[in-house]
Amino acid sequence: MASFKTLDDLPDDLTGKRVLVRVDLNVPMDGAKVTDDTRLRAMLPTVLELSDKGAIVLLLSHFGRPRGQSRPDMSTALLVKPLAELAGRSVRFIEDCQGPEAARAITTMLPGDIGILENTRFHAGEEKNDPELAKAMAALGDVYVNDAFSAAHRAHASTEGIAHLLPAFAGRAMAAELTALEKALGNPQRPVAAVVGGAKVSTKLAVLGHLVARVDHLIIGGGMANTFLAARGVDVGKSLREEDLLGEAEGIFERAEAAGCTVHLPYDVVVAKQFAPNPPSLRTCNVHEVAADEMILDLGPAAVEALADVLKNCRTLVWNGPLGAFETPPFDAATVALAKTAAALTQDGSLVSVAGGGDTVAALNQAGVTQDFTFVSTAGGAFLEWMEGRTLPGVAALEQAA
Ligand code: ADP
Ligand code: MG
């Protein structure tokens, strides 16, 4: 089990201690309005706990892609009001994330105060993991807490470099995420099933390659299942597929066979002649009966039922990628049905279910089951890199500090 220090390893009284907390303030905005505050909510437990313990809480984050330039439209000052409203406390803004002016501003803060430092990416050294910038940021604090799993796949000054310069701890959201991921793939209860879906094999090859040797059941859905079906000699009509990856698909089958992993492909599918909401040409058929002018847009009900039976016999599920073109009705049916089964099994206590990925989170929200999964990661790129078995530099730095 990977180990790292958490807020439990800090003293209960942090009065006046300057705690630099790496958070992820990258929320979607429409003008000054935050359109999805999930990430702001996620950091609240850490921020409020540190503030309650008397720390001077200094939030570090990137925001957008300013590429080393100061850009008013990418200033973290835009997040002061939204965060203050959610936290129910006042939040101040500090005009740089390093340097003497920031240091001076911080000397006027009182125990329990919360401040947002300016966008770390206004300095070109952030994305280069420049040791000088890391040192200058570290000089503003006594302790470093990383609560941004979603930024941990980047070795940047505020995620990696700084963790070696101060006592470093995982925040509450980071710790919860790492614990859930460890339960899902690090040291899972068997049997383990993985659902991998989405449009393309090409974006998920590394994920498939990593999972195939670790899970007992690999369930392939979405557009990428078409490439696997084609590799098996099935005529998938005009379905989305990647002809140049048939060899890679074969390779996955071979590795699965060698590892004793069962690969599940659909027997029945939902097809249509045109990709549109509720098209008149909609029908369900066996995978061997797809016509030349039809495309596969979702798994069929028999496939979903068979997959539900697989999940009933598993103890752990990790899920990335929708099973169909879920944004367009009715091609969300398989994803919604299987997600509901996974949610019910989780609630019954028979399944640990962990899911992630931008579209996967949207699909689970659409199914109304996000709360019923064991853990749903909103981390995007970091979650995928973890699914690929890669070491996340921001996490590795916390482990080295432990
Ligand atoms: P995530 O963001 O969760 O990692 P992906 O980006 O890999 O997921 O895949 C999601 C996309 O895959 C969705 O836009 C969905 O419409 C598309 N998709 C799934 N199945 C099909 C299909 N059979 N044909 C076309 N697109 C599909
Ligand atoms: Mg996506």
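Whatever order the structure lists ligands and atoms in, that order sets their numbers, starting from 1.
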Between the side chains of N119 and H62, does any donor sit under 3.5 Å from an acceptor?
-> no

Report the nearest protein non-hydrogen atom to atom 7 (O) of ligand 1: residue, atom name, distance rounded to 0.1 Å.
-> K204 NZ, 2.6 Å

Counting heavy atoms under 4.0 Å, the part of T328 that contacts ligand 1 is neither

Short side-chain to backbone donor-acceptor contact, R172 and M43, under 3.5 Å | no

Donor-acceptor contact below 3.5 Å, side chain S61 vs main chain L25 | yes

With rounding to the nearest 0.5 Å, note down the distance linking CG in L338 to CG in L299.
-> 8.5 Å

Check: S377/E177 side-chain N/O donor and acceptor closer than 3.5 Å = yes

Give the residue and atom name of whichever protein heavy atom lies nearest to atom 3 (O) of ligand 1, and the separation in Å to one decimal.
-> T360 OG1, 2.4 Å

Atoms of the protein (N/O/S only) found under 2.8 Å from the Mg ion (ligand 2) = D359 OD2

Spell out, as yes or no, whether a donor-acceptor pair under 3.5 Å connects the side chain of T120 to the backbone of E126.
-> no

Taking atom 22 (C) of ligand 1 as the point of reference, which of G223, G198, A334 owns the nearest heavy atom?
-> G223

Can you tell me if M224 has a non-hydrogen atom under 4.0 Å from ligand 1?
-> no

Per-atom contacts, ligand 1 versus P322 - under 4.0 Å to a heavy atom = 8 (O), 9 (O), 10 (C)

If you compare N320, I296, V196 by their heavy atoms, the one closest to atom 23 (N) of ligand 1 turns out to be I296

Restricting to heavy atoms, the pick from V361, D359, L297 nearest atom 10 (C) of ligand 1 would be D359

Just wondering, are more than 12 heavy atoms of other shown residues or ligands nearer than 6.0 Å to CG in D30?
-> no

Trace of the side-chain contact (heavy atoms from CB on, under 4.5 Å) decision for K17 with I56 | CA-CA 6 Å; K17 282 260 180 273; I56 293 169; over 6 Å; no

Atom 25 (C) of ligand 1 sits nearest the protein heavy atom L240 CD2, 3.8 Å

For T316 and V192, indicate whether the former's side chain and the latter's backbone hold a donor-acceptor pair under 3.5 Å.
-> no

If we only count N/O pairs under 3.5 Å, is T203 in contact with ligand 1?
-> no

Any idea which of A225, G358, A199, G324 brings a heavy atom closest to atom 19 (C) of ligand 1?
-> G324

Polar side-chain atom of N226 near backbone of R241 as donor-acceptor pair, under 3.5 Å = no

Please tabulate, for the side chains in residues 246-267, all donor-acceptor contacts under 3.5 angstrom to protein atoms that are two or more places apart in sequence or on a different chain.
residue: R255; atom: NH2; partner: G209; partner atom: O; Å: 3.1
residue: H264; atom: NE2; partner: H217; partner atom: ND1; Å: 2.8

Short side-chain to backbone donor-acceptor contact, D147 and M174, under 3.5 Å = yes

So which bit of K200 gets within less than 4.0 Å of ligand 1, heavy atoms only: side chain, backbone, both or neither?
-> neither

Ligand 1 N/O within reach of E327 N/O, cut-off under 3.5 Å | yes

